[in-house]
Chemist: 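One structure follows; several queries about it will come next.
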Amino acid sequence: MLTPPSFRNPFLDLLGAVDDGIGPGWARVALESRPELTNMHGKVHGGVLLTLLDTTMARAAMARQGFRLSVVSIGVTASFLSPGSGRLRVDARAIGGGRSTCFCEAEILDAEGRIVAKGVGTFRYRKPPQDGAISPESIE
């Protein structure tokens, strides 16, 4: 199992998402829903779901490279299949790509195992930022 880098994602901190596992080419994130993350129907907002898909796939892409590189999203597509509430788990895996890009897929499951959303994404590998957002020594 890889050790994930010790960098913060302030937006995920705001949402309250937490790492729930990581390994070569895969990542898992969990989120306990709460009222301020819901839409007018009382279910987790689609923007939150898309964020979870995007960021978890990005972690899977970085894990594929052993966290030597960071990534930026080129494109992410989501399908919302059922309302999300309670504890949500996001499972993402790298499914292809090369030296400069990575293709990933992910799904969000609720506590009962129902699929809430699915996503696919394309990510471009980049050198880690030098401005302090991700320290180079944290991704060795």
Side-chain angles (χ1 to χ4, degrees):
M1 182 120 138
L2 298 173
T3 303
S6 59
F7 66 88
R8 288 182 55 244
N9 181 320
F11 191 55
L12 287 183
D13 291 346
L14 179 68
L15 294 177
V18 295
D19 287 319
D20 197 28
I22 198 153
W26 68 271
R28 180 176 294 142
V29 169
L31 175 78
E32 189 67 45
S33 65
R34 51 189 202 281
E36 60 270 25
L37 300 179
T38 61
N39 58 26
M40 69 177 76
H41 304 285
K43 302 301 179 185
V44 177
H45 191 281
V48 173
L49 299 174
L50 184 60
T51 294
L52 292 171
L53 291 167
D54 177 42
T55 55
T56 308
M57 287 189 288
R59 288 190 59 76
M62 290 185 289
R64 180 177 185 238
Q65 293 289 332
F67 290 101
R68 292 183 309 277
L69 300 169
S70 65
V71 295
V72 293
S73 304
I74 296 174
V76 176
T77 302
S79 296
F80 304 104
L81 305 173
S82 65
S85 61
R87 183 172 177 80
L88 301 177
R89 187 185 84 212
V90 190
D91 291 310
R93 60 213 145 270
I95 57 172
R99 291 184 326 177
S100 63
T101 58
C102 184
F103 307 112
C104 296
E105 62 185 13
E107 61 185 19
I108 300 175
L109 303 172
D110 67 12
E112 286 76 40
R114 287 184 296 255
I115 298 174
V116 172
K118 288 186 164 213
V120 294
T122 304
F123 300 86
R124 180 169 306 284
Y125 287 113
R126 300 188 64 154
K127 291 181 182 179
Q130 300 298 311
D131 63 1
I134 302 174
S135 62
E137 57 274 3
S138 72
I139 57 171
E140 295 285 344

Chemist: Calculate, to the nearest 0.5 Å, the distance between atoms CE and OG1 belonging to M57 and T122 respectively.
Modeler: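 Output value for this atom pair is 8.5 Å.
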Chemist: Could you walk me through whether R64 and Y125 pass side-chain contact (heavy atoms from CB on, under 4.5 Å), step by step?
Modeler: CA-CA 11 Å; R64 180 177 185 238; Y125 287 113; 3.7 Å; yes
Chemist: I'd like to know if D91 pairs up with R89 as an ion pair, taking the criterion as any Lys NZ or Arg NE/NH1/NH2 lying under 4.0 Å from an Asp or Glu carboxylate oxygen.
Modeler: yes
Chemist: Do M62 and S70 come within less than 4.5 Å of each other through their side chains, counting heavy atoms only?
Modeler: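 Yes - at least one pair of side-chain heavy atoms lies under 4.5 Å apart.
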Chemist: Is it true that a side-chain atom of N39 and a backbone atom of G42 form a donor plus acceptor pair closer than 3.5 Å?
Modeler: yes
Chemist: Picking from L52, L88, V90, what satisfies side chain to side chain contact (heavy atoms under 4.5 Å, CB included) with V116?
Modeler: L88
Chemist: Do R124 and S100 have side chains that approach each other closer than 4.5 Å (heavy atoms only, starting at C-beta)?
Modeler: yes
Chemist: Mind checking the CD1-CZ spacing from I74 to F103? Nearest 0.5 Å is all I need.
Modeler: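 That separation rounds to 8.0 Å.
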Chemist: Provide the closest heavy-atom pair for L53 versus A78 in the form atom of the first, atom of the second, distance.
Modeler: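 Minimum heavy-atom separation between L53 and A78: CD1-CB, 3.7 Å.
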Chemist: Has R34 got more than 12 heavy atoms of other residues, nucleotides or ligands less than 6.0 Å from its CZ?
Modeler: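 Counting neighbours around CZ of R34, more than 12 heavy atoms of other residues, nucleotides or ligands fall under 6.0 Å, so yes.
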Chemist: For the pair L31 and V48, evaluate side-chain contact (heavy atoms from CB on, under 4.5 Å) and give the outcome as yes or no after the intermediate values.
Modeler: CA-CA 10 Å; L31 175 78; V48 173; 3.9 Å; yes
Chemist: Taking C-beta and beyond as the side chain, do V76 and L50 meet within less than 4.5 Å on heavy atoms?
Modeler: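 Side-chain contact under 4.5 Å: yes.
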Chemist: Got L109 and I115 here, is their nearest side-chain heavy-atom distance under 4.5 Å?
Modeler: yes
Chemist: Please find the pair of heavy atoms, one from G98 and one from Q65, that lie closest to each other, and give the distance.
Modeler: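 Closest approach of G98 to Q65, heavy atoms only: O-NE2, 4.3 Å.
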Chemist: Under a 4.5 Å cut-off applied to non-hydrogen side-chain atoms, are D54 and F123 in contact?
Modeler: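 In contact.
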Chemist: Any idea which heavy atoms bring A61 and V71 closest together, and the distance?
Modeler: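 In this case the closest contact between A61 and V71 is CB-CG1, 4.0 Å.
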Chemist: Where do A94 and C102 come nearest, in terms of heavy atoms and distance?
Modeler: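 Closest approach of A94 to C102, heavy atoms only: CB-SG, 3.6 Å.
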Chemist: Got a second to check how far K118's NZ is from S79's OG, nearest 0.5 Å?
Modeler: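 K118 atom NZ to S79 atom OG measures 9.0 Å (nearest 0.5 Å).
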Chemist: Please check this pair: side chain of T101 against backbone of G97, looking for a donor-acceptor N/O pair closer than 3.5 Å.
Modeler: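 Not a single qualifying donor-acceptor pair exists.
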Chemist: Without swapping roles, check the side chain of T77 against the backbone of V120 for a donor-acceptor pair under 3.5 Å.
Modeler: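 Such a contact is absent between T77 side chain and V120 backbone.
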Chemist: Is there a side-chain contact (heavy atoms from CB on, under 4.5 Å) between V29 and D19 once you walk through the steps?
Modeler: CA-CA 5 Å; V29 169; D19 287 319; 4.1 Å; yes
Chemist: CZ of R114 to CG of D110: how many Å apart, nearest 0.5 Å?
Modeler: 4.0 Å
Chemist: Taking atom OG of S85 and atom CG of L37, what is their separation to the nearest 0.5 Å?
Modeler: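 Between atom OG of S85 and atom CG of L37 there are 12.0 Å.
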Chemist: Going from NZ on K43 to OG on S33, what distance comes out if it is rounded to the nearest 0.5 angstrom?
Modeler: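 The NZ atom of K43 sits 8.5 Å away from the OG atom of S33.
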